[in-house]
Participant: 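Encoded as structure tokens, here's the structure I'll be asking about.
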Number of protein chains: 2
Amino acid sequence: MPDQRIEEVVNKYISLSFSVNKIGEALVKEQLDCDLTSEQHYMLRYIYQNHSCTSSELADVFSVKKSAITAIITRLWTKGLIKRTRDENDRRVVYLTLTDHGNELYLETEARIHKLVESIITKFDQNEIEMFIKSYEKLHDVLLETKKNQLED
Amino acid sequence: MPDQRIEEVVNKYISLSFSVNKIGEALVKEQLDCDLTSEQHYMLRYIYQNHSCTSSELADVFSVKKSAITAIITRLWTKGLIKRTRDENDRRVVYLTLTDHGNELYLETEARIHKLVESIITKFDQNEIEMFIKSYEKLHDVLLETKKNQLED
DNA sequence: ATTTAATAGTTCAACTATTTAACTATCTAC
DNA sequence: GTAGATAGTTAAATAGTTGAACTATTAAAT
């Protein structure tokens, strides 16, 4: 690829990713309950999908410090959406799981978000969206790799 | 597309977009000066690309309320990175422009981010990245349309 | 011309998210 | 047993965001 085209693609990617993210987040936020924030929802999502997880795991996945996770999960705990359980073999470790209420709320919210995303996905033809997802997955892998390389610096 | 596959694609899109955004943002944040936040940088970026803009425009582009913009631009103003100029024909309107310092800082930072994004983009073959960008653009258009439709509700 | 309605941006208070630094257990390695 | 490392928490400070109210200012209606 000629250098000039790379420059254009890079610029386009930066602008698109910014805008897609902003609008995407705003649309998702409208599907949330008034007392659940976007970060909180994604946290419930991760816990739901993994049945249980630790603060360190969340900190890694969300690319933030452990103390940020503590603040968010304390709010979720205060709302009765998650519970904390100490690991019996390593008392430093706390497992986070969803309460019944947390489970219900998550599922209701996620259903609304699914509907939203579905309305968007179905505007693409099948071949195009499959190719897009495949490249998105590759992008994800490249970003993960880049993140790991920078951690080693 | 069969319903089941739609469900899979939707779920995959939600997970990927969350993760790509989180990691992408973390990587970008590492290219910033220690006293410039991600939001502030993107604001400088928008002002730079448009030479001048209003708070309302920024609020629309960033999908936030005008008061959020006021808070951010006041911080940028305090740092000497932008200036405010009242429109002479409509005294309610304030135009935001970059100062020389703001300009310099933006360009330096953006160069580092470009390098980062370039290192990622060049991991794709030309055909794939061109197709990806094309679909990303379409996604952007669909999201914009969806946002507009929801504003009318 | 006057009044009412709408708009741009600001202010304020409250809340959420994030960081850093320090801390309290707890575990691991020697 | 001691030193070092780790998981998660605490506290303070900063940034971002919302909703409500506000101050001009402009536009529309009367």
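All chains are named by letter (A, B, ...) in the order of the sequence lines, taking the proteins before the strands, and each is independently numbered beginning at 1. If you're wondering where the values come from, they're calculated on a predicted model, not measured in any experiment.
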Participant: Of the residues in residues 39-48 of chain A, which ones touch DNA chain D at a heavy-atom distance under 4.0 Å?
Facilitator: none
Participant: With sequence neighbours left out, write down each residue that passes side-chain contact (heavy atoms from CB on, under 4.5 Å) with Lys123(A), or none if nothing qualifies.
Facilitator: Val142(B)
Participant: In terms of heavy-atom contacts, does CE of Met131(B) have more than 12 from other residues, nucleotides or ligands at under 6.0 Å?
Facilitator: no
Participant: Check the angle between the aromatic planes of Tyr136(A) and Tyr13(B) and answer parallel, tilted or perpendicular using the 30° and 60° thresholds.
Facilitator: parallel
Participant: I want to confirm an ordering. Mapping Ala71(A) and Tyr95(B) to their closest nucleotides on DNA chain C, which one lands closer to the 5' end?
Facilitator: Tyr95(B)
Participant: Locate the shortest heavy-atom distance separating Lys147(B) from Asp60(B); write the atom from each residue and the value.
Facilitator: NZ-O, 2.8 Å
Participant: Lys29(A) or Asp35(B): which one's nearest nucleotide on DNA chain D is closer to the 5' end?
Facilitator: Asp35(B)
Participant: Can you name the side chain to side chain donor-acceptor pair (under 3.5 Å) partners of Lys66(B), sequence neighbours left out?
Facilitator: none
Participant: When you check the side-chain N and O atoms of Arg45(A) and Ser15(B), is any donor under 3.5 Å from an acceptor?
Facilitator: yes
Participant: Going by the ring pair (Phe, Tyr, Trp, His ring centres under 6.0 Å) test, which pairs reach into residues 58-80 of chain B, not counting sequence neighbours?
Facilitator: Phe18(A)-Phe62(B)
Participant: Got a sec? Which of residues 54-70 of chain B come in under 4.0 Å of DNA chain C, heavy atoms?
Facilitator: Thr54(B), Ser55(B), Ser56(B), Lys66(B), Ser67(B), Thr70(B)
Participant: Which is the 5'-most and which the 3'-most nucleotide of DNA chain D that has an atom under 4.0 Å from a heavy atom of chain B?
Facilitator: dA15(D) to dT26(D)
Participant: Which heavy atom of Ile133(B) sits nearest a heavy atom of Leu16(A), and at what distance?
Facilitator: O-CD1, 4.1 Å
Participant: With sequence neighbours excluded, tell me which residues meet side chain to side chain donor-acceptor pair (under 3.5 Å) with Tyr46(A).
Facilitator: Glu57(A)
Participant: Using the ring pair (Phe, Tyr, Trp, His ring centres under 6.0 Å) rule, collect all pairs that involve residues 21-40 of chain A, keeping only residues at least two apart or in two chains.
Facilitator: none
Participant: Do Glu8(B) and Arg5(B) meet the salt-bridge criterion of a basic N to acidic O distance under 4.0 Å?
Facilitator: yes
Participant: Any Lys/Arg nitrogen of Lys138(A) or Asp125(B) sitting under 4.0 Å from an Asp/Glu carboxylate oxygen of the other?
Facilitator: no
Participant: What's touching nucleotides 24-30 of chain C from the protein side, N or O pairs under 3.5 Å?
Facilitator:
| residue | atom | partner | partner atom | Å |
| --- | --- | --- | --- | --- |
| dT26(C) | O3' | Arg91(A) | N | 3.3 |
| dC27(C) | OP1 | Asn89(A) | O | 3.3 |
| dC27(C) | OP1 | Arg91(A) | N | 2.7 |
| dC27(C) | O4' | Arg92(A) | NE | 3.4 |

Participant: Taking distance alone, no hydrogens or angles, what donor-acceptor pairs closer than 3.5 Å link side-chain atoms of residues 33-43 of chain B to residues at least two apart or in another chain?
Facilitator:
| residue | atom | partner | partner atom | Å |
| --- | --- | --- | --- | --- |
| Asp33(B) | OD1 | Arg112(B) | NH2 | 3.4 |
| Thr37(B) | OG1 | Gln40(B) | N | 3.3 |
| Ser38(B) | OG | Glu25(B) | OE1 | 2.6 |
| Glu39(B) | OE1 | Lys22(A) | NZ | 2.8 |
| Glu39(B) | OE2 | Lys22(A) | NZ | 3.3 |
| Gln40(B) | OE1 | Thr37(B) | N | 3.4 |
| Gln40(B) | OE1 | Lys79(B) | NZ | 2.7 |
| His41(B) | NE2 | Glu110(B) | OE1 | 3.0 |
| Tyr42(B) | OH | Glu25(B) | OE2 | 3.2 |

Participant: Val93(A): which residues meet the side-chain contact (heavy atoms from CB on, under 4.5 Å) condition with it, sequence neighbours left out?
Facilitator: Thr54(A), Asp87(A), Asp90(A), Tyr95(A)
Participant: Quick one, which residues of residues 13-27 of chain B touch DNA chain D with a heavy atom under 4.0 Å?
Facilitator: none
Participant: Would you name the heavy atoms of Ile73(A) and Ser55(A) that are closest together and state the gap between them?
Facilitator: CD1-OG, 3.5 Å
Participant: If you assign each of Arg84(B) and Ile72(A) to its closest nucleotide in DNA chain C, which residue comes earlier from the 5' end?
Facilitator: Arg84(B)
